[in-house]
Amino acid sequence: MNAPAKAGESKRQRLTKGGCKTRERIIEAAAELMFHRGAGGTSIPDIQAAAGVSASQIYHYFGDKQGLVLAVIDHQTDTRLAQQRPLLDNLDSIEALREWCDRAGSRQDARGCEGGCEIGSLAGELADSDHSARTRLVSAFDRWEDPIRSGLARMQARGELSERADTAALATALLAAVQGGMLLSQVRRSSTAYRQAVSAVIDHIESYLVR
């Protein structure tokens, strides 16, 4: 027997084409506002005005503000991962790791290092105050870390990376460097900290290469 669909999933399946567009417009407006103001600093009336919808439409599609926050986390995760492909799916060389991290640094430079990471910013705000959001964010970071781990595992399977290398730990370390580096870069308004952090971890990964 198939597991029952979640309430939010079954509702999305019943939406008309117009309903889907309205729902996406609300999520996109909320995501933009929450990125700049934080989830706590973004009100339902703010989202109404930005999306051009009524409060009843927001509650119809999401149930409450928390439901909308969870949808924003999913949206930001999907969007950020899509932006990083196909690089993200081919992180199986030192050169690919450096290019992926460098591209992210360039995106930070392009916006003056303002705003930080869309997913990391939500995590910093919500992890200690909203259990449902924290659980969703765990999944978001797992989805981000998995391609790194998979790429390192492929290098190891090909005999390019030493068997001594703990690919899971190295993937976590690189993602942590990305997140911590982006935070410091946001505060300092310079991508230098980000680039130094990710470079140090990639150098460490490179030390496991089989010469």
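Here the structure is a predicted model, which means the values were calculated and not measured. Computed over heavy atoms, backbone and side chain alike; hydrogens, waters and symmetry mates excluded.
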Test side chain to side chain contact (heavy atoms under 4.5 Å, CB included) applied to Trp100 and Leu88, step by step: CA-CA 7 Å; Trp100 172 61; Leu88 195 63; 3.6 Å; yes
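- Between the side chain of Arg111 and the backbone N or O of Gly116 there is at least one donor-acceptor pair closer than 3.5 Å.
- In this structure the side chain of Glu99 reaches within 4.5 angstrom of the side chain of Arg103, judged on heavy atoms.
- By the rule that hydrophobic residues join a cluster once side-chain heavy atoms approach within less than 4.5 Å of another member, Val53 and Leu68 end up as members of one cluster.
- Under the 4.5 Å side-chain contact rule for hydrophobic residues, Tyr59 and Leu33 share a cluster.
- Taking 4.5 Å as the limit, every side-chain heavy atom of Thr42 sits out of range of all side-chain heavy atoms of His36.
- Counted within 6.0 Å of CZ on Arg158, heavy atoms from surrounding residues, nucleotides or ligands total more than 12; the atom is thus considered enclosed.
- Side-chain polar atoms of Ser191 and Arg195 form a donor-acceptor pair below 3.5 angstrom.
- At least one side-chain heavy atom of Gln179 sits less than 4.5 Å from a side-chain heavy atom of Cys117.
- The minimum heavy-atom distance linking Ala193 with Leu184 is given by the pair CB-CB, 3.6 Å.
- Expressed to the nearest 0.5 Å, how far CG of Leu70 lies from CG of Asp130 amounts to 6.5 Å.
- Annotation: the span from Asn90 atom CG to Leu97 atom CG amounts to 11.0 Å, rounded to 0.5 Å.
- When the side chains of ILVMFWY residues are joined at heavy-atom separations under 4.5 Å, either directly or via intervening members, Leu91 and Leu81 end up in a single hydrophobic cluster.
- The backbone N or O of Ala39 sits less than 3.5 Å from a side-chain atom of Glu125, completing a donor-acceptor pair.
- Here the CG atom belonging to Leu183 is positioned 10.0 Å from the CZ atom belonging to Arg188, to the nearest 0.5 angstrom.
- Rounding to the nearest 0.5 Å places OG of Ser199 at 10.0 Å from CG of Asp102.
- Heavy-atom neighbours of Asp128 CG from other residues, nucleotides or ligands within 6.0 Å: at or below the threshold of 12.
- Annotation: side chain of Tyr61 is not in contact with side chain of Ile27 (no heavy-atom distance under 4.5 Å).
- Among all heavy-atom pairs drawn from Ser121 and Gly115, the shortest one is OG-O, 3.2 Å.
- When atom types are taken as modelled, the side chain of Ser185 and the backbone of Ser190 share a donor-acceptor pair closer than 3.5 angstrom.
- Atom OG1 of Thr79 sits about 10.5 Å away from atom CG of Asp74, to the nearest 0.5 Å.
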Any chance you could lay out the side chain to side chain contact (heavy atoms under 4.5 Å, CB included) test for Ile47 and Ser43, step after step, and finish with the verdict? CA-CA 6 Å; Ile47 300 166; Ser43 67; over 6 Å; no
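- Using a distance-only test at 3.5 Å, with no hydrogens or angles considered, a donor-acceptor pair links the side chain of Arg25 to the main chain of Ala51.
- The shortest non-hydrogen separation linking Cys113 to Arg189 is O-NH1, 3.5 Å.
- At a threshold of 4.5 Å between non-hydrogen side-chain atoms, the residues Val178 and Val201 do not count as touching.
- Here the side chain of Thr172 pairs a donor or acceptor atom with the backbone of Ala168 at under 3.5 angstrom.
- Judged purely by atom type and a 3.5 angstrom limit, Gln156 has no side-chain atom pairing as donor or acceptor with the backbone of Thr167.
- Between the CD atom of Gln108 and the CD atom of Gln186 there is a distance of 8.0 Å, given to the nearest 0.5 Å.
- Linking ILVMFWY residues whenever their side-chain heavy atoms come closer than 4.5 Å, directly or via other members, places Phe141 and Met34 in the same cluster.
- Residues Cys101 and Leu174 are in side-chain contact: their nearest non-hydrogen atoms beyond the backbone lie under 4.5 Å apart.
- Closest non-hydrogen pair, Ile44 versus Lys65, comes out as CD1-CB, 4.2 Å.
- Residues Arg136 and Leu126 fail the side-chain proximity criterion, which asks for heavy atoms closer than 4.5 Å.
- Considering all non-hydrogen atoms of both residues, Met155 and Ser93 come closest at SD-N, 3.6 Å.
- Ring geometry for Tyr208 versus His204: interplanar angle over 60°, hence perpendicular rather than tilted (30 to 60°).
- Cluster membership check: Val187 does not share its hydrophobic cluster with Met182, using side-chain heavy-atom separations under 4.5 Å among Ile, Leu, Val, Met, Phe, Trp and Tyr.
- With salt bridges taken as basic N to acidic carboxylate O contacts below 4.0 Å, one links Asp203 and Arg98.
- When every heavy atom of Ala140 is checked against every heavy atom of Ile119, the shortest pair comes out as CB-CG2, 4.2 Å.
- Side-chain atoms of Gln84 and Arg107, non-hydrogen and from C-beta on, do get closer than 4.5 Å to each other.
- Checking each of Glu32, Arg80, His75 against Glu118 for a side chain to side chain contact (heavy atoms under 4.5 Å, CB included) leaves exactly one that passes, namely Arg80.
- Gln57 places a side-chain N or O within 3.5 Å of a backbone atom of Ser54 that can act as its donor or acceptor partner.
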Given the rule in the side chain to side chain contact (heavy atoms under 4.5 Å, CB included) test, do Leu161 and Leu209 qualify, once you have shown the distances and angles that lead to the verdict? CA-CA 5 Å; Leu161 204 63; Leu209 287 182; 4.0 Å; yes
